[in-house]
Structure formats: structure tokens, C-alpha cells
Protein chains: 2
Amino acid sequence: MPTTTKAVQTARAKAEYNAFLAVCPSRQLLERISDKWVVLILCALGGETSGEVDGSRAARAMRYSELARLLTGVSPKMLTQTLRALERDGLVSRAVTPTVPVTVTYELTELGRSLHDLTRNLRQWAQVHMDEVLAHRAGHDAATS
Amino acid sequence: MPTTTKAVQTARAKAEYNAFLAVCPSRQLLERISDKWVVLILCALGGETSGEVDGSRAARAMRYSELARLLTGVSPKMLTQTLRALERDGLVSRAVTPTVPVTVTYELTELGRSLHDLTRNLRQWAQVHMDEVLAHRAGHDAATS
DNA sequence: CAGTATCCAGCTAGATACTG
DNA sequence: CAGTATCTAGCTGGATACTG
């Protein structure tokens, strides 16, 4: 069988590879939070609008345009797309108030807040270790050049 | 000035946007760990070769080909590229033993292990909450269809 | 106000073949 | 064994214009 062997092997490898991915739940989580707009929206709705690490800001609901203004440079497409995805996963809730014109607010759910706590921990680690990482990177680049 | 206005506005928006990104250190960290091969390599070198959560497996050095075999489906290009990036950031160390043929092993550094601890926490959260997320997602899809 | 629709460019990952 | 080199295809995100 000269024609199938390669393809079969590839398919098999793909299957195993997917299996390996599947057993790593942190992968699934990363798939959700590794999107840059997700992190920023989480920050915004979680109340981290400044660079502070006081950790005491309250989560609050924000309007679509409010988010758009805060996440400077986000296109309506990405903002909507990201918010929809987060809503789909039960991390944010969307509330429509039938004023004229219509008012829509987004807010972290309980689950969303627990995820936000995680990203806060990430931020914590980052603030402690990223300098080290960046320093090592710079050193490595200098040594290699 | 009819021609510059738009571009200037865009550039300004980009700058502000980058500033907002910069104040969020967790973004930088995510930039590093959100790569799927990074997570898998961290898992592998951290000793999480199975889906177990016993948390007691020791980190160990692994050879290039060993990693390639474990991360089924990874291309040599991606494997090398990812390992180099991790080495550059001081998260893994690369050791060459001048045997014939040459033997190369990779190992988590102290910093790498601390990052691996983080991904373990992520895995923890994922195992607790991902079902909830996926259930909500399924429910949302069913309601929307 | 809060989106939707469309188009396009850039980057990245995968396949593949080759080498010290 | 442990990579490097090259090419290409697909997806993602950004710009932009339009609408209930």
C-alpha cells in the first residue's frame, strides 16, 4: 500500500496529539484566557482599570461603549466577538435595558470573578518574575549577538 | 490637512492601546505561556506526563527526541523554536553532552519550575471549573439554536 | 448606542526535505 | 541525534462602512 501509509500515520499522530492535548485541562483554560481582549475585558470588568495592585477595587458593570473607550484600539468586531464568547462560557452576563437608545451593560458572573482572581494571580507572578525573565532574555540576546 | 488626520488618530490610538497593554503584566506572561507547545513542554519537563493530578512527580531533564516523541505531532521546527524561546527567557536550560552522536537535554530552571507551578494552578482551576464553563457553553448553544 | 457585515493583510504553524 | 531551511495555506485580527 504505497499511497495510504503516510496519510494514515499522520492521521494517527494527529489523534494521539489531540489526546495529549485533551488530558491537559490547563490547555483548555488557556485557550479561553490567552486572548488578549479577554484578559483586558476581565481586567476592566474586574475593576483593574489602573496599573495598581491594591486588589480592592470592586467589579462593576460596564456599558459597551465604556469598554470600547477603555480598551483603546479595539475594533467593534473584536469587542463584540470577545464579549459574546465570554457570555457563551458563562463568564460575563449581558443586560439590556430598553431605554432609547438602548443601554447594554456587561458584568462578570460569579464564575467570571473566580477566573478574574486567577488572572490577578498571574499578574502577581508576572510582577514578581517578569523582570527576571526579561533580564535573562536581554542577557541571552547580548551573549548571542 | 486632509491626508494626515486619520493616520495620526490611528497612531495615537495604537499608542494608547499599547500603553494599556503595558500596564497589564499578566498580558506579558500570557504572551509567553499561551503558546500550546509551551504549556505541553512545561507539563512534560515538569513531570506531568499523564493526566494525573498527584502533584508529586519530579521534574526531570529530557532529550530532544524524547520530547518530540511525547508531544506527538510537533514539528521539529516548532519544538526547536519553542525550546529556544524558553531558554532565552531562562525558563529551561539546554545541556549538550559531547557523545557520538551528540546528546542534548532540556530541563526546567528554578524560574521555569515556578512557572510550572503556576500552570499547575491553572490546571487545578480548569479541573474544577471547566466543566461548568463547557456546560454553560452547551446550554447557551442549545438556547440559541 | 450597540452593534453587524465585509474585505484584506500579516503572521504563524505545519509539512517537508535536507545536514553537521 | 538534533536540529536547519524553505514554502505555503489557513486563520485571526484589524480597518472600514453600514444599520436597528
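Every chain is numbered from 1, with letters handed out A, B, ... down the list of sequences.
The closest donor-acceptor contact from the side chain of A/Glu132 to the backbone of A/His129 lies at 3.5 Å or more, if one exists at all.
Of the inter-residue distances, the one linking B/Leu83 atom CG with B/Tyr106 atom OH reads 5.0 Å to the nearest 0.5 angstrom. To the nearest 0.5 Å, the span separating CG on B/Leu40 from CG on B/Leu71 amounts to 5.5 Å.
Following rounding to the nearest Å, A/Met62 (CE) and C/dA2 (C1') show an atom-to-atom distance of 15 Å. As rounded to whole Å, 10 Å separates atom P of D/dT12 from atom CD of A/Glu31. As a whole-Å value, the separation of A/Asp35 CG from D/dT12 C1' is 10 Å. Taking atom CG on B/Leu67 and atom P on D/dG3, their separation rounds to 10 Å, with Å as the unit. When rounded to the nearest whole Å, the span between NZ of A/Lys36 and P of D/dG13 equals 8 Å.
Residue B/Arg63 places none of its side-chain N or O atoms closer than 4.0 Å to OP1 or OP2 of D/dC1. Distances shown here put every side-chain N or O of A/Trp37 at or beyond 4.0 Å from the OP1 or OP2 atom of D/dT12. Between B/Tyr106 and D/dG3 there is a side-chain polar atom (N or O) within less than 4.0 angstrom of OP1 or OP2.
A 4.5 Å side-chain heavy-atom check between B/Cys43 and A/Arg27 finds every atom pair outside the cut-off. Between B/Arg32 and B/Leu91, some side-chain heavy-atom pair lies under the 4.5 Å cut-off. Between A/Leu86 and A/Leu108 there is no side-chain heavy-atom pair separated by less than 4.5 Å. In this structure, A/Leu134 and A/Arg137 have side chains that are in contact, with non-hydrogen atoms separated by less than 4.5 Å. Taking 4.5 Å as the limit, every side-chain heavy atom of A/His136 sits out of range of all side-chain heavy atoms of B/Asp89.
For DNA chain C, the neighbouring residues in residues 75-95 of chain B, judged by any heavy atom under 4.0 Å, are B/Lys77, B/Met78, B/Gln81.
Taking five base pairs at each end of the helix from C/dC1-D/dG20 to C/dG20-D/dC1 and finding the rotation axis that steps the C1' atoms of four pairs onto the next four gives two axes whose angle is 50°, to the nearest 10°.
The residue among A/Arg69 and B/Pro101 whose nearest nucleotide of DNA chain C is located toward the 5' end is A/Arg69.
Note on B/Thr99: nothing from the nucleic acid sits closer than 4.0 angstrom, heavy atoms only.
Put simply, B/Val128 and A/Leu30 are part of two different groups of oily side chains (I, L, V, M, F, W, Y) that touch within less than 4.5 Å, one to the next.
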